[in-house]
Amino acid sequence: MPELPEVETTRLKIEPYLLGQRLLRLEHDAPHRYQNTHLASGRTVTRLTRRGKYLLLHLQDPGEDDLELIVHLGMTGGFRFAATPHTRVTLHLESGEPLYFQDARRFGRVAVVQPGVYPGMPTLSGMGPEPLSGGFSERAFVEAVAGGGKMIKPWLLSQVPVAGVGNIYADESLWAARIHPAQTRLKPAEVRRLYTAIRATMQAAVEAGGSTLSDGSYQQPDGVDGGFQTRHNVYDRAGQPCTRCGTEVVKMVLAQRGTHFCPKCQTLKDRL
DNA sequence: ACGTGAACCTGCCGGC
DNA sequence: TGCCGGCAGGTTCACG
C-alpha cells in the first residue's frame with residue numbers, strides 16, 4: 001500500500017481521532033513486530049507527523065520524557081476505524097473507540113522509541129528531505145543526484161535523495177521527467193525535470209487521497225478508495241499505450257521491483 | 001562501494 | 001473445481 005501519499009492521507013484521516021487522546025493500551029500478540037508498545041500506555045498523543053513513509057505519534061506523560069510511537073505500514077498495513085480479519089494491533093483509546101491496525105502480510109512495524117532515536121531503522125535514520133516541504137531544494141537535489149553512478153530508480157527508492165518515493169511514484173515521476181529508470185549519470189537538466197515531476201506527482205496524489213490498485217489492498221481508514229490510480233501513466237499499465245506518445249508501456253524488473261516505463265519517451269542514454 | 005538476492009509474510013490471481 | 005507458481009505498494013541484511 002503505502003508510499004508518501006497513502007501515508008499522508010492516513011495521517012490526515014486519523015489525526016482527529018488521535019490528537020489529544022490518551023492511549024490506554026496497545027493490544028497485539030507479536031512483540032517482535034510491535035516493540036515496546038507497553039511504554040505508550042497512559043500517554044497522550046500530542047502530535048501526529050510523518051517522515052517519508054513513517055508515521056510518528058508524539059507521546060507525552062506529565063513528569064516523564066517524551067516518547068515517539070513509530071508506525072511503518074509495510075506493504076499492506078493500514079489503519080481502520082473498524083476491526084477487520086487482518087487486525088494486528090488494537091489501539092485502545094480513552095474515548096472508548098479503538099483504532100485498528102490491519103496488515104495482511106505483516107510487514108508493517110510499530111515501535112516506541114526515544115524521540116529521534118531509531119535503532120535498527122537505517123532508512124528512517126538516513127531519510128532525505130520531504131518532497132512537499134520548503135526544505136526540499138532543487139539545488140541540493142541536483143547535487144545529490146546529477147552525475148551519480150547509481151541507477152536512478154533504485155537510488156530514489158533508497159529514501160536518501162528524497163523521502164517517501166516508492167515503486168508507484170518512482171515509476172510515475174520518471175515517466176513525467178522522461179528519464180529511463182536504469183539511467184545513471186543524469187544531467188542537471190534531467191534532475192531538475194525529475195525534481196519538478198516528484199513534487200507535482202506527490203502533490204497530486206496526496207490531493208487525490210493516494211492510489212488504490214486493482215487488488216484494493218489500500219484503502220483509507222474509513223474504507224474509502226484513493227483516487228490517483230486512474231491517473232497513473234505507466235504503473236500497472238504494461239501493454240497499454242503511453243498517454244504521451246502511444247507507444248506500448250513496458251514492464252521490466254529492476255532491483256527486484258516491477259518497473260514500468262515508456263520505451264520511446266524514456267530511453268537509456270549511454271554515458272560512460 | 002556497489003549491486004544482487006534472499007528473507008520476512010500472506011493473499012490473490014491466472015494458468016493448467 | 002482445485003492445486004501451484006508467481007507476484008505484490010517495503011526494508012534489512014548477507015554476500016561477492
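Chain letters run A, B, ... following the sequence lines, proteins first and then strands; every chain starts at 1.
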Can you check whether [X] has a side-chain N or O nearer than 4.0 Å to OP1 or OP2 of [N]?
X	N	value
A/K251	C/dA8	yes
A/H72	C/dG10	no
A/R33	B/dC9	yes

Would you kindly say whether A/Y218 and A/Q229 are connected by a side-chain donor-acceptor distance under 3.5 Å? no

Rounded to the Å, how far apart are [X] [atom1] and [N] [atom2]?
X	N	atom1	atom2	answer
A/K53	C/dG10	NZ	C1'	6 Å
A/R105	B/dC12	CZ	P	12 Å
A/M75	B/dA7	CE	C1'	13 Å
A/R109	C/dG10	CZ	C1'	10 Å
A/F107	B/dG11	CZ	P	12 Å
A/L213	C/dC7	CG	C1'	13 Å
A/L157	B/dC2	CG	P	16 Å

Side-chain atoms of A/Y54 come closest, of B/dG11, C/dT12, B/dG3, to C/dT12

Winner on side-chain proximity to A/H86, out of B/dG11, C/dG10, B/dC9, is B/dG11

5'-most contact on DNA chain B (nearest-nucleotide basis), A/R88 vs A/M151, goes to A/M151

Assert: residue with more 5' nearest nucleotide on DNA chain B, out of A/D215 and A/Q256, is A/Q256

- Does the gap between the ring centers of A/F136 and A/Y195 come in under 6.0 Å? yes

The correct set of residues in residues 227-237 of chain A placing a heavy atom under 4.0 Å from DNA chain C is A/Y235

Within residues 110-128 of chain A, those residues having any heavy atom closer than 4.0 Å to DNA chain C are A/G120, A/M121, A/P122, A/T123

Scanning all shown strands, the Watson-Crick or wobble mate of B/dG11 with both distances under 3.5 Å is C/dC7

Any strand, both distances under 3.5 Å, Watson-Crick or G-U wobble: C/dT1 pairs with none

Could you tell me whether A/K187 and A/E190 have a side-chain N and a carboxylate O separated by less than 4.0 Å? no

Quote, to the nearest angstrom, the P distance that separates B/dG5 from C/dC7.
14 Å

